[in-house]
Asks: 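Handing you a structure now.
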2 protein chains.
Amino acid sequence: MRITSSVEYATRLMVALSRAFGQTPLSAETLSETENVPVDYVNQILLRLKRAGLVESHRGIRGGYTLSKRPEQVKLGQVVRAVEGEIFESVCGRYEGGKKDCHHQGRCGISPVWRRLGAMIEEYFDGITLDNLMQEQGMPCPVKLEGLFHER
Amino acid sequence: MRITSSVEYATRLMVALSRAFGQTPLSAETLSETENVPVDYVNQILLRLKRAGLVESHRGIRGGYTLSKRPEQVKLGQVVRAVEGEIFESVCGRYEGGKKDCHHQGRCGISPVWRRLGAMIEEYFDGITLDNLMQEQGMPCPVKLEGLFHER
DNA sequence: ATATACTTGATCAATTTAGTCAACTATGTT
DNA sequence: AACATAGTTGACTAAATTGATCAAGTATAT
C-alpha cells in the first residue's frame, strides 16, 4: 500500500498550480522543470486532470495550465481519483477464492474491515484541499472519522 | 491502493486458524481447499507468517499449522506486515523529483499528509484482532484516531 | 520404512506502473 | 500567412511488483 508516482506528481503539480492561481498559465515544460518530472509524463498527468475538470488548458504561445477552481475548493480526493480512477479498490470478488466460496459474506468479519478502511481513506483524502497542501505545516485537522466506525 | 491477494489470503488463513485454535493443526492442503487458494501459495504465505512468529508448524503425519497466540492477541497489522513487509510504504525520496529538489521539505504540506495517512492505516490495522475478524459483524470500534491529526 | 506434510529457493507469468514517442491540432505573435 | 509555442492523443515500451508454480529437499508420527 503506497502512494504511486502518478498521485505524488499530480499532487505536486496541483500545488504548483495553486501557487500560481490567478496568474498566467504554467506550461507543462515549466512544471516539468520546477517539479522534476519528465515533461511527457507531466502532460499525461495534466491531461487526466483536465478530463476530470480540475485544470484548464490554454494553447498557443503563452499557453499552459491553470486551476479550474480556487485551491480551497479542490479536494485531494478529486486529484487522486482523476489519476487513479478509484482511491481504494474493493477487494471482494477480485480473487478466485473470494468469488467461488466467498468468506466475505456472513461467515466472517473480513469484508467490513476492508470496506471501512476504504471509506476511511476516501474520507481522509476528501478532507484535504489544495489550500491545505499549500500551508507549510499541512492541513490542520481535516477529518472527523468518528461516524465511520459505528456505521452498519 | 488496494488489498493484495497475499494480504487477503493471509487474513483468511489466520481467521481459519483462529477458528481451529486449541484443536489439532490444519494442514496447508486442508486450508487450500477450504479457502480456495492454491496449495503452494498457501505454503508460501504460511511460511512468511511462521517466520513472523504468528503461526507454528508441525511436521509429520498429523502435522499442519496452528496459531502461536490466542486470536485476541494477534493484530491484523502483524499479519499484513508479515506478508507485505510494510503496511504503508513511505513515499518521500522514492521518486526522482522528490530526491533531487524535494518539495516535501519545508516548502509545502504534502509530506505530512502522506505520513498521517500511513499512520492512520497502521493504526487501523493494529486496532483489529483476529478475534474481531471471527465475529460475523466485524470489529466494533477498534480505533481512536483523534490524536493523529494534531500530531506534529 | 513410509506416507504425510512442512521447507526452501528458484522460476515464471500476469499485471500494473512508470515513462517514452511520434504525429497531430490549436493559438498567439510577427 | 508563416511560425514557434504548447496542448492532444493514443500507442508503445520497460521496469517493477504481484501472483503463482515447481522441484528437490527435510522432519516426524505411525
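Per chain, numbering begins at 1; letters A, B, ... match sequence-line order.
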Asks: With the sugar-phosphate defined as primed atoms, P, OP1 and OP2, and the base as all remaining atoms, what B/S/- string results for nucleotides 4-13 of chain C, 5' to 3', for protein heavy atoms under 4.0 Å?
Replies: BSBBBS----
Asks: Taking all non-hydrogen atoms of both residues, which atom of V74(A) and which atom of K69(A) are closest, and how far apart?
Replies: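 Between these two residues, the closest heavy atoms are CG2-CB, 4.0 Å.
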Asks: Rounded to whole Å, how long is the line connecting atom CE of M1(A) with atom C1' of dT18(D)?
Replies: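 For the pair M1(A) CE and dT18(D) C1', the rounded distance is 14 Å.
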Asks: Rounded to whole Å, please give me the gap between CZ in R48(A) and P in dG10(D).
Replies: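 Rounded to whole Å, this separation is 13 Å.
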Asks: Thinking salt bridges, do E84(A) and R2(B) make one under a 4.0 Å N-O criterion?
Replies: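 Judged by the 4.0 Å cut-off on N to carboxylate O distance, E84(A) and R2(B) do not form a salt bridge.
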Asks: I want to check one thing: is the phosphate of dA18(C), taken as OP1 and OP2, less than 4.0 Å away from some side-chain N or O of S6(A)?
Replies: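 For dA18(C), OP1/OP2 do have a side-chain N/O of S6(A) under 4.0 Å.
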Asks: Do Y41(A) and S6(A) meet the criterion of a side-chain donor-acceptor pair at a distance under 3.5 Å?
Replies: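 Their side chains do contain a donor-acceptor pair, which is all the 3.5 Å distance test asks for.
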Asks: Can you name the nearest heavy-atom pair linking I121(B) to I121(A), along with the distance?
Replies: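 That closest heavy-atom pairing would be CD1-CD1, 3.8 Å.
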Asks: Whole angstroms only, please: what is the CD-C1' distance between E89(B) and dA16(D)?
Replies: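 Computing the E89(B):CD to dA16(D):C1' distance gives 11 Å.
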Asks: Starting from P on dA6(D), measure out to CD1 on I45(A) and report it in whole angstrom.
Replies: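 Roughly 19 Å, once rounded to whole Å.
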Asks: Find the distance I3(B):CD1 to dG19(D):P and express it as a whole number of Å.
Replies: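 Rounding to the nearest Å, CD1 of I3(B) and P of dG19(D) are 11 Å apart.
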Asks: Measure across Y65(B) and L17(B) and return the closest heavy-atom pair with its distance rounded to 0.1 Å.
Replies: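 The pair with the smallest heavy-atom distance is O-CD2, 3.4 Å.
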Asks: Rounded off to whole Å, could you give me the CD-to-C1' distance for the E84(A) and dT16(C) pair?
Replies: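 Between C1' of dT16(C) and CD of E84(A): 11 Å.
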Asks: Starting at atom OH of Y9(A), determine the distance to atom C1' of dA18(C), rounded to an integer number of angstrom.
Replies: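 Taking atom C1' of dA18(C) as the reference, OH of Y9(A) is at 8 Å.
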Asks: Looking at side-chain heavy atoms only, is the closest gap between D131(B) and S18(B) below 4.5 Å?
Replies: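 They are not in contact (no side-chain heavy atoms under 4.5 Å apart), so the answer is no.
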Asks: With a 4.0 Å limit, can you tell me whether S5(A) has a side-chain N or O closer than that to the phosphate oxygens OP1/OP2 of dA18(C)?
Replies: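 Yes, because at least one side-chain N or O of S5(A) sits under 4.0 Å from OP1 or OP2 of dA18(C).
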